[in-house]
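Could you have a look at this structure, given as structure tokens, before my questions?
Since we're looking at a predicted model, the values are computed, not measured. The sequence lines fix the lettering, A, B, ..., with proteins before strands; numbering per chain opens at 1.
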Protein chains: 4
Amino acid sequence: MTSAKRPDASRRNEKSRQAILTATRELIAETGYAKVSIEAIAARAGVGKQTIYRWWSSKGAVVFDSILDLSGPVDDAVVLPDTGDLETDLKQVLRATVAEFADAAFEAPIRALTVEIATDPELAALYQRSMATPMDEAKKARLRSAQEAGQLSPDADLDLVLSLLNSPVFERWLMRGGPLDDAFADGVVEAVVRAFSPGP
Amino acid sequence: MTSAKRPDASRRNEKSRQAILTATRELIAETGYAKVSIEAIAARAGVGKQTIYRWWSSKGAVVFDSILDLSGPVDDAVVLPDTGDLETDLKQVLRATVAEFADAAFEAPIRALTVEIATDPELAALYQRSMATPMDEAKKARLRSAQEAGQLSPDADLDLVLSLLNSPVFERWLMRGGPLDDAFADGVVEAVVRAFSPGP
Amino acid sequence: MTSAKRPDASRRNEKSRQAILTATRELIAETGYAKVSIEAIAARAGVGKQTIYRWWSSKGAVVFDSILDLSGPVDDAVVLPDTGDLETDLKQVLRATVAEFADAAFEAPIRALTVEIATDPELAALYQRSMATPMDEAKKARLRSAQEAGQLSPDADLDLVLSLLNSPVFERWLMRGGPLDDAFADGVVEAVVRAFSPGP
Amino acid sequence: MTSAKRPDASRRNEKSRQAILTATRELIAETGYAKVSIEAIAARAGVGKQTIYRWWSSKGAVVFDSILDLSGPVDDAVVLPDTGDLETDLKQVLRATVAEFADAAFEAPIRALTVEIATDPELAALYQRSMATPMDEAKKARLRSAQEAGQLSPDADLDLVLSLLNSPVFERWLMRGGPLDDAFADGVVEAVVRAFSPGP
DNA sequence: GGATAAACGAGACGGTACGTCCTGTCTTCGT
DNA sequence: ACGAAGACAGGACGTACCGTCTCGTTTATCC
């Protein structure tokens, strides 16, 4: 006996759902995250506020979904490049991340999302489950392939490797802690590859 | 022609300033950052709202100062341990950071501050200038000492080294991306030391 | 060409109708008139909102019917006492009215109804037709009997007499304009009887 | 020690007060009472909603004040005509009341006020105190003068007389219970004068 | 030491947004 | 096929804060 007065998802109006997510994205891009209000989203989407409150528990949840929705069904394979050379491939991936952060259109919503995640543990769990983990798994696959190819120590802790790869770029971006360019990305990759190169 | 109606700092009431900063810290600790309002701070501090608006430009700025004020005058020497063994010393530093993040009393205000910095570029600059850089300089001093001792490659980019050391712990904490314990701290330090060990 | 989508009264579910009227009365009694909503009535009656909107045009109409329904089929003879002495009989009638108004259980719905009538001319007309007029006719019958008995001037305007009898009690009750007791009722009756006593 | 957080009346902005009362009157006249909302009043008056809630406890209270304010300082002498002939004077007064009720511009706000009073006992008390009683006192003065002139029984209960005079017109108007014209007014006056004429 | 000007506490103000409740309409689903 | 259930767009509710703006009331120089 789970229910009580949880709304009946089967009756949900898909058109309204899409309008809300789209409006949310537009508003974040146009006016910046801080000024986005439920009221504004509802007005822009041509939707009653209740329809938002019925399906989402907080502004953060709407923002989250609006970005999740944007990136489409993430579930299926995110495949990373595999040229055979780990360093090259990782540099390409990190440079791509750097480029994404440099793109103002991407930057605003992702920053909004990040702040929301940092604030709300529940959202953080959802993020880890539905966005971070799939992405990380794709990267681990590439790392394992590198281990097999003898380009990476076979007993490297892949979670640690990923942390060392991702977080420096993330932190510089979020905290504006210094120049965020290809050179920095390359430096990170080179250091990590050096740290986990297979023993002699 | 500088002035116009910029308040006269010499007339500032120090008692009010302290009351505001203290009240801010208390409120963050008690009710969580999201629920802290200028109005609540003023009420708790027994201060008129205008007194806050007169001296700070935003809620973020008050939060920032309240935490800066807590850690006391940072400017003077933050000196890191130097046992002679770089790896040991870095592990000690990173483990201390991990411990700080685990302490709920520290966690809430720091998270509040971080969110504020991530949101407001101006605050980010202030943070870099008055908190991050001094801290980083202290760490760089230790790293240079290690270079001289032949424990670290003499041409290692120290900013990059710091990034690789700090950011993994920071990101895991902020995004709740996995267990944040001494083992993780040690793993990061070992990898970084390996990556930047002096060539043979 | 009458219909279009006017509901087919023959198909009406009597059980729902009764449930709605009962729920309405209960809610007025329990929570006071102001807090009664169509939604609450529907929920309490275990009925869809549409079923209410299908058969009544406004909240006022439901309230009206719920009270009309309570007093049962009014249409048939409301007969007033006739002891032969007009003054005695009128005092009894007015004292009964006073008692009704004093009864909290009766007071709330009647007040609700009165407000609704005062607000909505359509409802006022309905009220006059289906409630006031039958009641007044019964009273006029008693007055005519008094005229024949020589206790009331034969050319008294009976509508005027009724107005003078009813409205003082009604107004005191509605506007809480003073004590509403048997003494007041008696005073009204005595004055009216005096005013319209047959000439010498 | 009465206070707690009751607003400080001395700081009250008179301009806002007037704007609110005027806007309220305008809205009642234009759109009818039912459609008047606090939100609409605030918008029309160019005032924050809080400013209304700060000084009035309900919509009814605003409506009440807006009408009280209209009729100006009631306190000072409401003096009724005194030609020496009671019947003539009373007819003039009642005919004036009838005319007022017939004037659509007066009708709407007064009906609104009446409904509000009928609904809210607190408002009813305020009404009795600040509007009804002063008016009644003026009328009683005229009645007493008539008693001295030998046109009214010296032991007539003046409250009863007033009730019988006022309420028939009031009720007919409120409940739309029949034609409300000078003839009716005259009939009421004649009956009342007859009922309370001095004994032989 | 008395004038004067600023910062101060208090809090009213015009506003925006909140999250809830209800309206009246429209849709879905089970009986 | 009806009717309960309830989602929907919309609008008002009453509350919380925003940042600005007076108010009087301390301070705290400067004459």
Side-chain angles (χ1 to χ4, degrees), chain A residues 5-17 19 35-43 45-55 57-59, chain B residues 5-17 19 35-43 45-55 57-59, chain C residues 7-8 11-13 15-16 19 35-43 45-54 57-59, chain D residues 5-13 15-17 19 35-43 45-55 57-59:
Chain A
K5 53 171 59 186
R6 178 139 59 271
D8 179 350
S10 74
R11 283 186 181 215
R12 184 162 192 181
N13 183 332
E14 176 59 20
K15 197 137 60 166
S16 294
R17 190 182 148 272
K35 285 182 194 168
V36 173
S37 65
I38 297 276
E39 208 132 274
I41 294 171
V47 139
K49 283 201 287 177
Q50 204 63 56
T51 301
I52 300 181
Y53 285 112
R54 188 159 23 237
W55 302 110
S57 59
S58 68
K59 190 173 74 167
Chain B
K5 50 172 59 186
R6 177 138 61 277
D8 177 354
S10 74
R11 270 180 165 357
R12 184 165 191 180
N13 183 333
E14 176 59 18
K15 196 139 60 166
S16 293
R17 188 182 151 272
K35 285 181 192 169
V36 173
S37 64
I38 297 277
E39 210 134 275
I41 294 171
V47 137
K49 283 198 290 176
Q50 202 59 252
T51 302
I52 299 181
Y53 285 112
R54 190 163 16 244
W55 300 110
S57 60
S58 69
K59 190 174 73 166
Chain C
D8 176 353
R11 280 188 179 305
R12 186 163 188 181
N13 183 333
K15 197 142 55 168
S16 293
K35 285 182 191 167
V36 173
S37 63
I38 297 276
E39 206 135 275
I41 295 172
V47 138
K49 285 199 289 176
Q50 202 57 254
T51 303
I52 298 181
Y53 285 112
R54 208 183 336 265
S57 60
S58 69
K59 191 172 74 165
Chain D
K5 51 171 57 186
R6 178 141 57 270
D8 178 351
S10 74
R11 281 196 188 297
R12 184 163 190 179
N13 183 332
K15 198 140 56 168
S16 294
R17 188 182 150 271
K35 286 184 191 165
V36 174
S37 64
I38 298 276
E39 208 133 270
I41 295 171
V47 138
K49 282 198 288 176
Q50 204 62 49
T51 301
I52 300 181
Y53 286 111
R54 201 175 353 256
W55 301 109
S57 59
S58 68
K59 192 173 71 166

* **Separation of dA9(F) C1' from Ile41(A) CD1 (nearest whole Å)** => 16 Å
* Map Ser16(D) and Arg12(B) onto DNA chain E by nearest heavy atom, then report which one ends up closer to the 5' terminus. =>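 This one resolves to Arg12(B).
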* Looking at residues at least two apart in the chain, or sitting in another chain, which of them share a side chain to side chain donor-acceptor pair (under 3.5 Å) with Lys59(C)? -> none
Might you list the N or O atoms of the protein lying below 3.5 Å from N or O atoms in nucleotides 18-22 of chain F, with each pair's distance?
{"from": "dC18(F)", "atom 1": "OP1", "to": "Ile38(B)", "atom 2": "N", "distance (Å)": "3.0"}
{"from": "dC18(F)", "atom 1": "OP2", "to": "Ile38(B)", "atom 2": "N", "distance (Å)": "3.1"}
{"from": "dC18(F)", "atom 1": "OP2", "to": "Glu39(B)", "atom 2": "N", "distance (Å)": "2.9"}
{"from": "dG19(F)", "atom 1": "OP2", "to": "Tyr53(B)", "atom 2": "OH", "distance (Å)": "2.8"}
{"from": "dG19(F)", "atom 1": "N7", "to": "Lys49(B)", "atom 2": "NZ", "distance (Å)": "3.2"}
{"from": "dG19(F)", "atom 1": "O6", "to": "Lys49(B)", "atom 2": "NZ", "distance (Å)": "2.6"}
{"from": "dC21(F)", "atom 1": "N4", "to": "Gln50(B)", "atom 2": "NE2", "distance (Å)": "2.1"}

* Structure fact -> Between CG of Asp8(A) and C1' of dT28(E) the distance, given in whole Å, is 9 Å
* **Ala40(A): partners by side chain to side chain contact (heavy atoms under 4.5 Å, CB included), with sequence neighbours left out** => Leu27(A), Ser37(A)
* Asked: How long is the line joining CZ of Arg17(D) and P of dG14(E), in whole Å?
  -> 14 Å
* Please identify each residue that fulfils salt bridge (Lys or Arg N to Asp or Glu O under 4.0 Å) with Arg54(D), with sequence neighbours left out. =>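 Partners of Arg54(D) under the salt bridge (Lys or Arg N to Asp or Glu O under 4.0 Å) test: none.
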* To do: Under the salt bridge (Lys or Arg N to Asp or Glu O under 4.0 Å) rule, collect the residues that match up with Asp8(A), sequence neighbours excluded.
  =>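 By the salt bridge (Lys or Arg N to Asp or Glu O under 4.0 Å) rule, Asp8(A) matches Arg11(A).
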* Could you list the residues that satisfy side chain to side chain donor-acceptor pair (under 3.5 Å) with Glu39(D), not counting sequence neighbours? => Lys49(D)
* **Side-chain N or O of Trp55(B) closer than 4.0 Å to phosphate OP1/OP2 of dC8(E)** => yes
* Asked: Atom CZ of Arg54(C) to atom C1' of dC26(E): distance rounded to whole Å?
  ->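 So the CZ-C1' distance, Arg54(C) to dC26(E), works out to 12 Å.
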